[in-house]
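Excluded from the calculations below are hydrogen atoms, water molecules and symmetry mates; all remaining heavy atoms, backbone and side chain alike, are included. The model shown is predicted, which means the values in this text are computed figures rather than measured ones.
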Amino acid sequence: MQLSEVFGARNAQLIASASAVDEGESFRRAVSGQPLDAVLGAAVRRASARFAALAGIEDGVLRSGAFGGQQPYVDYYPAVPAKLDPLEECGGFYGFADYAAFGSDPWMARTELPSVTAAGGMLRLVFHRPLRAHAGKDLRFVPPPSAATLADVVEKLKGMISATARVVPLPRKAAFARLRLLLDDYSFARERATSAGAFNAIWSARTFRRLGLAVPLVSLAELLGDEALLPAIAETLSLFIRERRAVADCVAEALADDPEHALHFTPKATDHVPLALADGQGIRQPVRFDGERLVCDGVRLDAGDDAASLEAFLRKTRGSWSLDVFAPLFLFRLGVTGIVNGRGSIRYSLVLAQVQKRLFETVHPPNLLCSCNPPPTGPFAEAVRRTCGEEAVRDWEPTLIARLLCDEPAVIRREIAESWR
């Protein structure tokens with residue numbers, strides 16, 4: 001996918017200031033030529049080793065400061081695993097934002113697959129129930145799926161395979177064998193995970209490894225909470241708070257330069273702090289600054305705008321705090337030297353680049369758009385197309401679950417590598 005497919009011509013200046021490119025080779029050369037920060041590198045290696053042990057996978061090899069990441073899902077459209085391919089080329093790492101608010105993205109809890117067994121041709125698989133009861137919770141405070149929930153997923157997938165095989169050619173025996181591998185990883189994740197965030201990330205990691213993607217993987221919550229990184233995070237947070245009015249003005253100016261409304265960024269109030277806290281029920285609450293203290297859900301907190309009190313606060317609340325949409329700027333200050341973005345996050349980067357220039361007087365590091373949008377293909381889509389019509393699958397992208405049930409991992413891995421280039 002090219003930048004011109006995401007942005008209009010009037011965004012050219014913002015694109016340039018965000019160092020955004022859509023060609024992988026130039027990104028790889030730029031990132032690979034930059035030294036890896038020693039403190040960040042050590043923290044990433046610690047987090048990667050711990051996560052690999054939890055997920056039961058081989059650890060990856062870190063060679064550069066390139067980064068990509070997002071919320072962990074229960075299934076993926078092709079554009080997400082595609083981001084791991086250029087990261088592996090340049091030896092970077094990938095982070096699961098396992099602190100996101102549950103329900104802010106439906107893929108955290110469910111997926112939809114074409115099935116002739118479902119009304120309208122789309123079968124919904126829900127992994128985390130009940131949806132409403134957990135809405136807005138930090139993923140670390142949502143329980144992993146129950147055995148009954150996973151059993152329901154299994155039965156629905158079995159029915160989908162059998163029904164599809166009656167409409168189009170689909171080797172049932174091979175599909176059921178692949179289903180067992182898929183569900184082995186879901187079962188493994190359920191046994192190891194203490195939260196929905198961990199469940200999603202563990203399953204994702206094992207699936208990525210099955211596909212041959214060997215990039216180092218980390219929990220962003222754990223990485224950002226690393227003792228060695230907390231002082232730098234507190235310093236950056238202190239700067240954001242002290243310059244919060246300038247940040248709000250900078251965001252407003254960037255949005256004013258976006259007449260086509262392509263950036264999809266929310267304006268920020270002058271009391272905005274790029275931090276959230278999980279409350280007693282696990283709900284992810286935004287943090288504000290009242291001029292003297294941090295405030296969350298109407299309660300004044302034990303931290304001002306100085307780095308020392310903020311560092312102590314972050315250490316005290318480790319496991320409950322998380323960064324917001326400005327997280328990449330913190331990572332850049334920690335030593336990340338390049339970022340791989342999808343078609344959603346690349347929009348945000350154009351605003352973040354303006355804030356970075358204003359706050360830190362630095363230029364956004366190499367910024368690669370890596371995305372794709374393949375047509376609805378495969379036996380499940382074809383079966384629904386024949387029985388329900390083209391309209392039923394028009395907007396569906398062939399997800400990883402659908403692909404894993406139909407083809408060998410090497411085939412899918414090759415498709416991932418070719419999809420975004």
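Screening residues 119-133 for side chain to side chain donor-acceptor pair (under 3.5 Å), with sequence neighbours left out, gives Glu112-Arg124, His128-Asn200.
Neither side chain, Tyr348 nor Asn341, offers a donor N or O lying under 3.5 Å from an acceptor on the other. There is no side-chain donor-acceptor pair under 3.5 Å between Ser320 and Thr317. Remark: the Thr362 side chain and the Gln356 side chain contain an N/O donor-acceptor pair separated by less than 3.5 Å.
With sequence neighbours excluded, no residue satisfies side-chain hydrogen bond (donor to acceptor under 3.5 Å, both in side chains) with Gln71. When the ring pair (Phe, Tyr, Trp, His ring centres under 6.0 Å) test is applied to Phe289, no partner is found at least two apart in sequence or on another chain.
Looking at Glu243 and Arg358, no side-chain N of the basic residue comes within less than 4.0 Å of a carboxylate O on the acidic one, giving no salt bridge. Taking the charged nitrogens against the carboxylate oxygens, Arg403 and Glu415 do have a contact shorter than 4.0 Å, which makes a salt bridge. Under the 4.0 Å criterion applied to side-chain N and carboxylate O atoms, Asp407 and Arg178 are not assigned as salt-bridge partners. Between Asp184 and Arg180, none of the side-chain N atoms (NZ, or NE/NH1/NH2) sits under 4.0 Å from a carboxylate O, so this pair counts as no salt bridge.
Rounding to the nearest 0.5 Å places CG of Leu350 at 7.5 Å from CG of Asn367.
Ring geometry, Tyr76 versus Phe208: the interplanar angle falls from 30° to 60°, so the pair is classed tilted.
Applying salt bridge (Lys or Arg N to Asp or Glu O under 4.0 Å) to Asp185 and the options Arg210, Arg209, Arg190 leaves one that passes, Arg210.
Few gaps surround CD on Glu227; more than 12 heavy atoms of other groups in view lie less than 6.0 Å from it.
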